[in-house]
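Small disclaimer: the values here were computed from a predicted structure and weren't measured.
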There are 2 protein chains.
Amino acid sequence: MRTLEHPKPEDFSLDAVLSALADPIRRMIVCRLAEGYHEQACLSFGLPVGKSTSTHHFRVLREAGIIEQRYQGTAILNSLRTADLEARFPGLLPAVLASAQPATP
Amino acid sequence: MRTLEHPKPEDFSLDAVLSALADPIRRMIVCRLAEGYHEQACLSFGLPVGKSTSTHHFRVLREAGIIEQRYQGTAILNSLRTADLEARFPGLLPAVLASAQPATP
DNA sequence: CGGCTTGTACGAACACTGTCGTACTAGACG
DNA sequence: CGTCTAGTACGACAGTGTTCGTACAAGCCG
């Protein structure tokens, strides 16, 4: 079984987290996960980019500590590291999420 | 008297704000302003970069709506647009500020 | 086994960003 | 008026980030 490296909460860098969240496509991923799209394969998000680019964005999020990825067969299940983020940067993720969805009908 | 353009709160973009805050030097500026260094000239921040680079960073912050700049003679007085930011992206700036100062002895 | 799905690796192209130095402008001050 | 200070404009440069296509690997399923 392949494994993926994840940073520990004490190694999170504000720089990496803010840079990661500054990209619209990555915010799209984070918003989907926050809305309950947990445990979905990367490609099932229907992102407006190619496969390689998708891989790239998910890796950036993982290496910043924002998401957790684990293999299930050939697919990868993604979830938000809500608790770890809240412990390290309190209020940051909720604020971004709240601001990122101005059009919630 | 020279004037500087500032975006209106309804024109703030989360993208621009997060990108602006993702840079360490710009976070340094924002933290100083938050600590009460209001009304200080740009160059008096003692940033570890040249004059042109300093100008660049202050402009990025202004164009994202994070700071307000107004001329006083040849100098520029800077201040945080705390209220405007709070209205548009509630909780975002406080969260970043709190996370950006882990070493407050 | 052979094919299908899901994701990765790698290289290339391209744009953007941060940085600097130099030359310049606007205002203050003598 | 001359000089000083604070900042801007511009061009250049290196580094980085996003994107893609193609080729490849790892598991599932028939």
Side-chain angles (χ1 to χ4, degrees), chain A residues 1-6 13-30 32-33 37-79, chain B residues 1-6 13-33 37-79 100:
Chain A
M1 176 69 83
R2 289 170 288 178
T3 58
L4 293 164
E5 298 224 337
H6 293 77
S13 124
L14 180 56
D15 223 277
V17 170
L18 287 178
S19 301
L21 292 176
D23 185 277
I25 293 198
R26 288 194 289 263
R27 274 206 307 279
M28 207 178 296
I29 296 174
V30 172
R32 293 287 196 83
L33 289 173
Y37 275 69
H38 285 274
E39 312 297 295
Q40 292 280 321
C42 295
L43 295 185
S44 70
F45 282 70
L47 299 173
V49 292
K51 271 205 302 182
S52 337
T53 308
S54 191
T55 295
H56 165 69
H57 286 306
F58 276 94
R59 176 163 42 203
V60 171
L61 286 172
R62 189 188 70 235
E63 293 179 345
I66 298 174
I67 64 173
E68 195 222 329
Q69 300 191 284
R70 64 170 210 279
Y71 274 102
Q72 169 125 359
T74 62
I76 285 183
L77 302 187
N78 301 278
S79 45
Chain B
M1 177 67 87
R2 288 171 291 179
T3 57
L4 293 164
E5 298 225 336
H6 292 77
S13 126
L14 181 55
D15 223 276
V17 170
L18 288 178
S19 301
L21 294 176
D23 185 278
I25 294 200
R26 288 194 291 263
R27 273 206 308 280
M28 206 177 298
I29 296 173
V30 172
C31 288
R32 294 286 196 84
L33 290 174
Y37 275 70
H38 286 274
E39 311 296 297
Q40 292 282 321
C42 296
L43 294 185
S44 70
F45 282 71
L47 299 174
V49 292
K51 272 205 304 181
S52 337
T53 308
S54 190
T55 295
H56 166 68
H57 286 306
F58 277 96
R59 175 162 46 202
V60 170
L61 286 172
R62 189 187 71 234
E63 291 179 348
I66 298 174
I67 65 173
E68 197 222 327
Q69 300 191 285
R70 64 169 210 280
Y71 275 101
Q72 169 125 1
T74 64
I76 285 184
L77 301 187
N78 300 278
S79 45

To the nearest angstrom, how far is [X] atom [atom1] from [N] atom [atom2]?
{"X": "B/Leu43", "N": "C/dC20", "atom1": "CG", "atom2": "P", "answer": "13 Å"}
{"X": "B/Gln69", "N": "C/dA26", "atom1": "CD", "atom2": "P", "answer": "18 Å"}
{"X": "B/Ile29", "N": "D/dG7", "atom1": "CD1", "atom2": "C1'", "answer": "14 Å"}
{"X": "A/Gln72", "N": "D/dC28", "atom1": "CD", "atom2": "P", "answer": "9 Å"}
{"X": "B/Ile76", "N": "C/dT25", "atom1": "CD1", "atom2": "P", "answer": "18 Å"}
{"X": "A/Asp15", "N": "D/dG17", "atom1": "CG", "atom2": "C1'", "answer": "14 Å"}
{"X": "B/Glu63", "N": "D/dT8", "atom1": "CD", "atom2": "P", "answer": "11 Å"}
{"X": "A/Leu4", "N": "C/dG7", "atom1": "CG", "atom2": "C1'", "answer": "10 Å"}

Taking all non-hydrogen atoms of both residues, which atom of A/Val49 and which atom of A/Ser54 are closest, and how far apart?
-> CG2-N, 4.0 Å
Does the side chain of B/Arg2 get closer than 4.0 angstrom to OP1 or OP2 of D/dA6 through an N or O atom?
-> no
Ignoring backbone atoms, test whether A/Arg59 places a side-chain nitrogen or oxygen under 4.0 Å from the OP1 or OP2 oxygen of C/dA9.
-> yes
Any donor-acceptor N/O pair under 3.5 Å between C/dG18 base and B/Thr53 side chain = no
Ignoring hydrogens and angles, does a donor from either the side chain of B/Ser52 or the base of C/dG21 sit under 3.5 Å from an acceptor on the other?
-> yes
Do the side chains of [Y] and [X] get nearer than 4.5 Å, heavy atoms only?
{"X": "B/Gln69", "Y": "B/Arg59", "result": "no"}
{"X": "B/Leu47", "Y": "B/Phe58", "result": "yes"}
{"X": "B/Asn78", "Y": "B/Gln40", "result": "no"}

Report the nucleotide, chosen from [options], that has the shortest atom-to-atom distance to any side-chain atom of [X].
{"X": "A/Ala41", "options": "D/dT18, C/dG7, D/dG27", "answer": "C/dG7"}
{"X": "B/Thr74", "options": "D/dT8, C/dT19, C/dG27", "answer": "C/dG27"}
{"X": "A/Lys51", "options": "C/dG27, C/dT6, D/dT19", "answer": "C/dT6"}
{"X": "A/Ala75", "options": "C/dG7, D/dG7, D/dC20", "answer": "C/dG7"}
{"X": "B/His56", "options": "C/dG18, D/dT18, D/dG7", "answer": "C/dG18"}

Within 45° of the axis and under 6.0 Å from the centre of the six-membered ring of A/Tyr71, does NZ or CZ of A/Arg2 qualify?
-> yes
